[in-house]
Amino acid sequence: MRNERAAPMMLPIIETERLILRAPRPQDAEAIALYLNDFAVSGNLARVPFPYHLSDAKAWLRTRHPDTEPDDANFTIEAKGEGYVGHIGFHPGPDGPVIGYWLGKPFWGRGIMTEATIACLDWFFAETRAPVVYSGVFHFNIASLAIQQKLGFTQSGRSWLLCLARDAEVEHIDTQLTLGVWKARRT
Ligand SMILES: CC(C)(COP(=O)(O)OP(=O)(O)OC[C@H]1O[C@@H](n2cnc3c(N)ncnc32)[C@H](O)[C@@H]1OP(=O)(O)O)[C@@H](O)C(=O)NCCC(=O)NCCS
């Protein structure tokens, strides 16, 4: 059963200790193309082709609008003092909102995505009536699964998901996070 979608809204700027999450801008295109044209990144994502061109980034950015439904919101992640590092966002899935994220490889391993995901989930649950947020990882993505498990996502099953960069269906660990678990962890 689909969750009721929240109304469109202007994306806020979300600030954390080390990060700024803001609406994507056309000027992000070159950084997106630079970091997504890396199989180490795109090979872990379902919907990103490889090789990835500047034209792909420009086309995707044209689909982004600062006023959007929360379950279609995407934020550019900037590290304070460093600038662009990656993206985090939601898309409407078959059962409800799905969260996804990626960082350019130079920025891995510093806890950036854990910090961004906490801030994004706080915002999303506060803005919507969604009882569950869905996600998951390709079966080899230990770092992403570690983030999700740390934050309270539980494994709900396995599926096969097309990975555009690999041009193949890949086994996927499906996960979900309930509002109840999130509230309990954040209080
Ligand atoms: C997955 C990704 C977002 C992680 O970002 P990050 O900022 O490096 O992640 P964090 O540092 O916040 O957390 C990673 C966690 O995984 C753990 N981890 C990383 N590699 C690991 C490994 N090989 N074995 C066990 N744990 C591992 C880290 O120790 C850390 O957990 P901790 O904070 O408890 O120590 C980043 O690697 C990335 O963008 N990858 C390519 C795209 C992608 O996979 N997106 C997600 C698709 S589901």
Side-chain angles (χ1 to χ4, degrees), residues 14-22 24 28 31-52 56-57 60 71-124 132-177 181-182 185-186:
I14 301 174
E15 189 172 348
T16 69
E17 190 186 336
R18 294 182 295 166
L19 307 174
I20 292 169
L21 277 54
R22 58 155 175 85
D28 295 333
I32 294 172
L34 172 68
Y35 294 123
L36 278 185
N37 191 33
D38 176 350
F39 191 73
V41 178
S42 58
N44 283 296
L45 301 171
R47 306 183 302 164
V48 174
F50 181 81
Y52 189 92
D56 294 315
W60 179 74
D71 68 358
D72 200 24
N74 193 285
F75 294 90
T76 295
I77 308 170
E78 290 184 7
K80 291 177 186 171
E82 291 179 89
Y84 183 97
V85 295
H87 280 267
I88 186 165
F90 298 86
H91 68 268
D95 300 316
V98 179
I99 189 169
Y101 43 76
W102 64 269
L103 286 181
K105 197 169 180 194
F107 312 108
W108 293 8
R110 292 161 44 186
I112 289 178
M113 198 49 83
T114 300
E115 189 170 324
T117 306
I118 291 169
C120 217
L121 287 168
D122 274 345
W123 169 78
F124 188 81
V132 184
V133 167
Y134 297 87
S135 193
V137 305
F138 287 134
H139 65 92
F140 40 72
N141 197 340
I142 296 168
S144 186
L145 190 60
I147 294 175
Q148 294 182 19
Q149 285 178 333
K150 198 166 46 170
L151 299 187
F153 284 80
T154 55
Q155 296 187 26
S156 55
R158 298 257 175 163
S159 56
W160 289 84
L161 195 60
L162 179 64
C163 172
L164 283 183
R166 296 174 188 274
D167 193 21
E169 302 257 330
V170 179
E171 191 173 10
H172 187 260
I173 301 171
D174 307 319
T175 64
Q176 58 184 50
L177 173 70
V181 166
W182 188 247
R185 286 187 171 244
R186 298 297 283 151

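Values reported hereafter were calculated over all heavy atoms of this structure, with side chains retained and with hydrogens, waters and symmetry mates removed. First listed ligand is number 1; within each ligand, the first listed atom is number 1.
Residues Ile32 and Ala57 approach most closely at CG2-CB, 3.9 Å, considering heavy atoms. Contact between Pro51 and Asp56 at its shortest, heavy atoms only, is O-OD2, 4.2 Å.
Between the side chains of Tyr101 and Ser135, no donor-acceptor pair of N or O atoms lies under 3.5 Å.
Of the heavy atoms in Thr114, both backbone and side-chain atoms come closer than 4.0 Å to ligand 1. When heavy-atom distances to ligand 1 are checked against a 4.0 Å cut-off, Ile147 comes that close only through its side chain, counted from C-beta outward. Residue contacts with ligand 1 for Tyr101 involve both N, CA, C or O and side-chain atoms from C-beta outward (heavy atoms, distance under 4.0 Å). The backbone and the side chain of Ala143 each have at least one atom closer than 4.0 Å to an atom of ligand 1 (non-hydrogen atoms only).
Every N/O-N/O distance between Leu45 and ligand 1 stays at or above 3.5 Å. Considering backbone and side-chain atoms together, Ser144 places no N or O closer than 3.5 Å to any N or O of ligand 1. The shortest N or O to N or O distance between Gly111 and ligand 1 is under 3.5 Å.
Among Glu115, His172, Lys150, the residue whose heavy atom sits closest to atom 30 (C) of ligand 1 is Lys150.
Residue contacts with ligand 1 leave out Ser135, since none of its heavy atoms falls under 4.0 Å from the ligand.
Nearest protein heavy-atom neighbour of atom 36 (C) of ligand 1: Trp108 NE1, 3.6 Å. At the shortest separation from atom 5 (O) of ligand 1 among protein heavy atoms lies Met113 CB, 3.4 Å.
Listed by number with element, the atoms of ligand 1 under 4.0 angstrom from any heavy atom of Gly136 are 48 (S).
Side-chain contact between Gln148 and Asn141: absent, with no pair of heavy atoms (C-beta onward) separated by less than 4.5 Å.
From His87, atom NE2 reaches atom CG of Leu36 across 7.5 Å, with rounding to the nearest 0.5 Å.
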